[in-house]
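Below is one structure, written out as structure tokens, with a few remarks after it.
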Amino acid sequence: KPITLESLKSYTDTVNNTGLVYISRLPPFMTPQKLRSLLQQHGAIGRLYAAPEDAKTAYRRKKYRGNKRINYTEAWVEFEDKRVARRTAEFLNLRNMGGKKRDRFYDDLWNIKYLPRFKWHHLTDQIAYERAVRDQKLKTEMEQVKRETKAYLANVDKAKMIEAMEAKRKRK
């Protein structure tokens with residue numbers, strides 16, 4: 001289906017009207033579904049990305065505490081209207097998450113910030129860049145380890161050869 005000029009214009013208008021908020025800390029074991037349900041009360045939400053904790057921390061937690069649920073550390077939420085996003089961030093920042101008194105997130109505080117002139121594609125580009133940097137770093141570390149291993153094995157072979165020569169001299 002070909003893209004028309006009107007559909008392209010409407011798409012860019014909707015993208016330009018979206019607002020992104022950053023939540024720097026999520027309470028332990030808050031799911032993206034719960035976060036969405038808490039924020040939908042303030043306005044229409046588009047996309048939501050919650051970053052899971054790093055693998056080492058998750059492994060340690062699962063090994064020693066036995067809790068196998070996914071834990072998220074931070075989140076980005078895209079509101080369909082940037083004015084609603086700004087108002088929501090200003091209203092919720094440093095307030096109780098609320099809900100019922102017996103709710104597990106009742107006493108946790110929102111730590112939320114509106115990101116002006118920051119769109120979803122900036123976030124995906126940043127994540128892709130960080131992943132590429134991490135892969136490149138891992139690749140260089142692996143090459144360094146291979147070089148060190150090769151040098152060590154060469155030194156071991158050289159040491160065996162020298163020991164064999166010295167043993168041969170002693171026999172003569």
Side-chain angles (χ1 to χ4, degrees), residues 1-139 141:
K1 182 176 173 181
I3 299 175
T4 63
L5 191 60
E6 296 87 28
S7 65
L8 184 63
K9 185 169 177 12
S10 69
Y11 174 74
T12 56
D13 289 344
T14 55
V15 166
N16 289 337
N17 195 32
T18 60
L20 202 66
V21 296
Y22 171 66
I23 302 170
S24 65
R25 183 194 171 277
L26 288 178
F29 308 110
M30 177 178 262
T31 62
Q33 294 83 9
K34 178 68 174 176
L35 180 64
R36 182 179 291 274
S37 69
L38 287 173
L39 290 176
Q40 273 181 341
Q41 301 166 4
H42 301 281
I45 292 179
R47 295 173 275 201
L48 183 143
Y49 175 72
E53 67 183 341
D54 64 309
K56 287 184 179 180
T57 309
Y59 174 75
R60 206 174 313 121
R61 179 177 49 79
K62 289 174 186 176
K63 182 177 179 183
Y64 294 114
R65 294 195 182 141
N67 193 333
K68 295 190 179 1
R69 295 195 319 177
I70 298 175
N71 196 11
Y72 298 97
T73 55
E74 57 188 359
W76 289 266
V77 181
E78 181 185 46
F79 283 87
E80 292 179 3
D81 187 7
K82 57 183 156 189
R83 289 179 293 280
V84 171
R86 180 184 297 274
R87 200 173 331 120
T88 301
E90 289 173 359
F91 177 72
L92 290 180
N93 193 28
L94 298 178
R95 291 192 183 220
N96 284 358
M97 288 196 174
K100 296 185 177 177
K101 188 106 174 168
R102 287 176 285 175
D103 192 11
R104 71 185 302 172
F105 307 119
Y106 179 78
D107 290 324
D108 286 308
L109 298 177
W110 285 105
N111 196 348
I112 186 169
K113 180 179 167 95
Y114 174 71
L115 303 173
R117 295 179 298 281
F118 194 82
K119 300 298 177 193
W120 194 262
H121 63 87
H122 295 123
L123 175 63
T124 55
D125 291 347
Q126 180 69 22
I127 291 172
Y129 173 74
E130 287 174 358
R131 185 174 293 132
V133 166
R134 186 178 66 233
D135 290 345
Q136 182 64 33
K137 186 177 179 184
L138 184 64
K139 186 177 177 182
E141 286 177 3

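One-based numbering along the sequence shown.
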Considering only heavy atoms from C-beta outward, does the side chain of Phe118 approach that of Leu123 to under 4.5 Å? yes

Where Ala50 and Pro32 come nearest, the two heavy atoms and their spacing: CB-CG, 3.9 Å

Flag yes if more than 12 heavy atoms outside Arg104 fall under 6.0 Å of its CZ atom; otherwise flag no. yes

Which pair of heavy atoms, one from Met97 and one from Trp110, lies closest together, and at what distance? CA-NE1, 3.5 Å

Does the pair His121 and Asp125 meet the rule for a side chain to side chain contact (heavy atoms under 4.5 Å, CB included), with working shown? CA-CA 6 Å; His121 63 87; Asp125 291 347; 4.2 Å; yes

Backbone N/O of Asp81 and side chain of Asn17: donor-acceptor pair under 3.5 Å: no

Within-4.5 Å side-chain heavy-atom neighbours: Val133 and Tyr129: yes

Using the rule given for side chain to side chain contact (heavy atoms under 4.5 Å, CB included), can you reason through Asn93 versus Asn111, listing the C-alpha separation, both sets of side-chain angles and the distance that settles it, and then say yes or no? CA-CA 5 Å; Asn93 193 28; Asn111 196 348; 3.9 Å; yes

Should we count CZ of Arg69 as having more than 12 external heavy atoms under 6.0 Å? yes

Nearest heavy-atom neighbours spanning Ala89 and Val21: CB-CG1, 4.1 Å

Take atom OH in Tyr59; do more than 12 heavy atoms of anything else shown fall under 6.0 Å from it? no

Does atom CD1 of Ile3 have more than 12 heavy-atom neighbours, drawn from other residues, nucleotides or ligands, at distances under 6.0 Å? no

Donor-acceptor pair, side chain of Asn16 and main chain of Thr12, under 3.5 angstrom: yes

Please determine if Arg95 forms a cation-pi arrangement with Phe91, meaning its NZ or CZ atom is less than 6.0 Å from the six-membered ring centre and no more than 45° off the ring axis. yes

Should the pair Lys9-Asp13 be classified as a salt bridge under the 4.0 Å nitrogen-to-oxygen rule? yes

Has the side chain of His42 got a donor or acceptor atom that lies under 3.5 Å from a matching backbone atom of Leu39? no

In this structure, CH2 of Trp76 is separated from CG of Leu48 (nearest 0.5 Å) by 11.0 Å

Taking C-beta and beyond as the side chain, do Lys119 and His122 meet within less than 4.5 Å on heavy atoms? yes

Could you measure the distance from the CG atom of Leu92 to the CD1 atom of Ile23? Nearest 0.5 Å is fine. 8.5 Å

CG-CD distance between Leu26 and Glu53, expressed to the nearest 0.5 angstrom: 11.5 Å

With heavy-atom distances below 4.5 Å as the criterion, would you say the side chains of Lys82 and Tyr114 are in contact? yes

Does the side chain of Glu74 pick up a donor-acceptor pair with the side chain of Tyr22 at under 3.5 Å? yes

When rounded to the nearest 0.5 Å, the distance separating CD of Gln41 from OG1 of Thr88 is 10.5 Å

Non-hydrogen side-chain atoms of Asp108 and Asn96 separated by less than 4.5 Å: no

How long is the gap from CZ on Arg86 to NZ on Lys113, to the nearest 0.5 Å? 10.0 Å

Does Ile70 have more than 12 heavy atoms from other residues, nucleotides or ligands lying within 6.0 Å of its CD1? no

So, taking the atom named CZ in Arg131 and the one named CD in Gln136, what distance separates them when rounded to the nearest 0.5 Å? 15.5 Å

Is there side-chain contact between Ile127 and Tyr49, with heavy atoms separated by less than 4.5 Å? yes

